[in-house]
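Bear in mind that the values here come from a model prediction, so they are computed numbers and not experimental data. For reference, positions follow the sequence shown, starting with 1.
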Amino acid sequence: MARPFFRRSTLCALAILCALAAPAPAAAAERTLLVLGDSLGAGFGLPAEDGFVPRLEAALRARGLDIRVANGSISGDTTAGGRARLGWALSAKPDFVIVALGGNDGLRGLDPAETRANLAAILARLKERKIPVLLAGMKAPRNLGPEYEAAFNGAWPALARRYGAVLYPFFLDGVALDPALNQPDLIHPNAAGVAVIVKRILPYVERLIARSGG
């Protein structure tokens, strides 16, 4: 009468041993989000930990997303500069890209047609590589006149539609020209301003990440 019990016990023991020996499910691989930007992305005038890139990475990880945010931003860069160094920036092998360029084009009064062409070239190359993109919009200084403003500001929505990018309409939304949220130059956000930017852009970044399955 002991044999059936023995066989059952042996089978249970073997099942437990097999379960213990089975490899654990692989952890989700860390993915990389590249920020291709200018001083706003580079964290100009701020301690390293208060810049846009580290604050965005912290916010994404707090949401349970294993995302490394790579800083491909250079202070003073224009859309032409971003276009010229795109190949170098892509050496980070990003899974997603935030394109946050154009502020310096507006400050310098560059031809909006050139700004649009540079952004289009960047987006086209990223689309070729099947890299999802969030395009962060910029707005022209008001002193350049309504015609310039319309041509400049209209570039981002048009390009987002053309290349299928997630559009964040204005990178400095809720922060621009607010003395409490900017450094003394009223151009670059302070730590409190960066916190506002991250909070507002985060849902759009999550939408970007969701495009590749979460």
Undergrad: Counting only heavy atoms not in Arg85, do more than 12 fall under 6.0 Å of its CZ?
TA: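 It does: Arg85 CZ has more than 12 such atoms within range.
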Undergrad: Would you say that Ile201 contacts Leu134 through its side chain, given a criterion of any heavy-atom pair below 4.5 Å between the two side chains?
TA: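 With C-beta onward as the side chain, the pair touches.
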Undergrad: I'd like to check Pro179 versus Leu186 (side-chain heavy atoms, cut-off strictly below 4.5 Å). Are they in contact?
TA: yes
Undergrad: Quick one: list whatever passes side chain to side chain donor-acceptor pair (under 3.5 Å) with Thr79, sequence neighbours left out.
TA: Asp105, Asn118
Undergrad: Tell me, do Leu56 and Leu33 make a side-chain contact under 4.5 Å, heavy atoms counted?
TA: yes
Undergrad: Does any non-hydrogen side-chain atom of Leu167 lie less than 4.5 Å from one of Pro157?
TA: yes
Undergrad: Would you give the length of the straight line joining atom CD of Glu30 to atom CG of Asp95, rounded to the nearest 0.5 angstrom?
TA: 9.5 Å
Undergrad: Mind checking whether Met138 and Thr115 have side chains closer than 4.5 Å, heavy atoms only?
TA: no
Undergrad: Output yes when a side-chain donor or acceptor of Tyr168 lies under 3.5 Å from a complementary backbone atom of Leu202, and no otherwise.
TA: no
Undergrad: Quick one, Trp156 and Pro169 - any side-chain contact, counting heavy atoms below 4.5 Å?
TA: no
Undergrad: Could you tell me whether Asp66 and Arg31 make a salt bridge, using a distance below 4.0 angstrom between a side-chain N and a carboxylate O?
TA: no
Undergrad: Inspect the surroundings of CZ in Arg108 and state if more than 12 heavy atoms from other residues, nucleotides or ligands are less than 6.0 Å away.
TA: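 Buried by this count: over 12 neighbours within 6.0 Å.
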Undergrad: Apply side-chain contact (heavy atoms from CB on, under 4.5 Å) to the pair Val194 and Val175, showing each step before the final yes or no.
TA: CA-CA 8 Å; Val194 171; Val175 173; over 6 Å; no
Undergrad: Would you please test Leu101 and Ile122 for side-chain contact (heavy atoms from CB on, under 4.5 Å) and show each step?
TA: CA-CA 10 Å; Leu101 290 162; Ile122 291 169; 4.0 Å; yes
Undergrad: Can you tell me if Glu147 has over 12 outside heavy atoms packed within less than 6.0 Å of its CD?
TA: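 It does not: Glu147 CD has 12 such atoms or fewer within range.
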Undergrad: Are Val196 and Val69 connected into the same hydrophobic cluster when the rule is that any two of I, L, V, M, F, W, Y join if their side-chain heavy atoms are below 4.5 Å apart?
TA: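 As far as the 4.5 Å side-chain criterion goes, Val196 and Val69 are connected within one cluster.
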Undergrad: If you measure from CG on Asp111 to CZ on Phe152, what distance do you get to the nearest 0.5 Å?
TA: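 So the CG of Asp111 and the CZ of Phe152 are separated by 11.0 Å.
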Undergrad: Same cluster or not: are Phe170 and Leu107 linked, directly or through other Ile, Leu, Val, Met, Phe, Trp or Tyr residues, by side-chain heavy atoms under 4.5 angstrom apart?
TA: no
Undergrad: Do Leu46 and Ile187 share a hydrophobic cluster, counting only Ile, Leu, Val, Met, Phe, Trp and Tyr and linking them when any side-chain heavy atoms are less than 4.5 Å apart?
TA: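 No, because Leu46 and Ile187 fall into different hydrophobic clusters, even though each may have its own neighbours under 4.5 Å.
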Undergrad: In the structure I gave you, are the side-chain heavy atoms of Ser73 and Leu40 within less than 4.5 Å of one another anywhere?
TA: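 A side-chain contact is absent here, since even the closest heavy-atom pair is not under 4.5 Å.
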Undergrad: Go through it in stages, so that I can follow the logic: the residues are Phe96 and Ile67, the test is side-chain contact (heavy atoms from CB on, under 4.5 Å), and I'd like the CA-CA distance, side-chain angles, deciding distance and then a yes or no.
TA: CA-CA 10 Å; Phe96 324 94; Ile67 303 290; 4.0 Å; yes
Undergrad: Looking at Arg55 and Ile197, would you say the former's side chain and the latter's main chain have a donor-acceptor pair under 3.5 Å?
TA: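 No, the answer is negative, given that no donor and acceptor are paired below the 3.5 Å cut-off.
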Undergrad: Just grab all the side chain to side chain donor-acceptor pair (under 3.5 Å) pairs involving residues 180-193, residues at least two apart or on different chains.
TA: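 The answer is Ser39-His188, Asp185-His188.
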Undergrad: Say you draw a straight line from CG of Leu172 to CZ of Arg200; how long is it, rounded to the nearest 0.5 Å?
TA: 11.0 Å
Undergrad: Give me each pair satisfying ring-ring contact (aromatic ring centres under 6.0 Å, His included) with a member in residues 49-92, each pair once, sequence neighbours excluded.
TA: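 Pairs touching residues 49-92 that pass the test: Phe52-Phe171.
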Undergrad: For the CG atom of Leu34 and the NZ atom of Lys93, what is their distance to the nearest 0.5 Å?
TA: 14.0 Å
Undergrad: Please answer: with hydrophobic residues joined when any side-chain heavy atoms are less than 4.5 Å apart, are Val35 and Phe44 in the same cluster?
TA: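 Different clusters: Val35 never reaches Phe44 through Ile, Leu, Val, Met, Phe, Trp or Tyr contacts under 4.5 Å.
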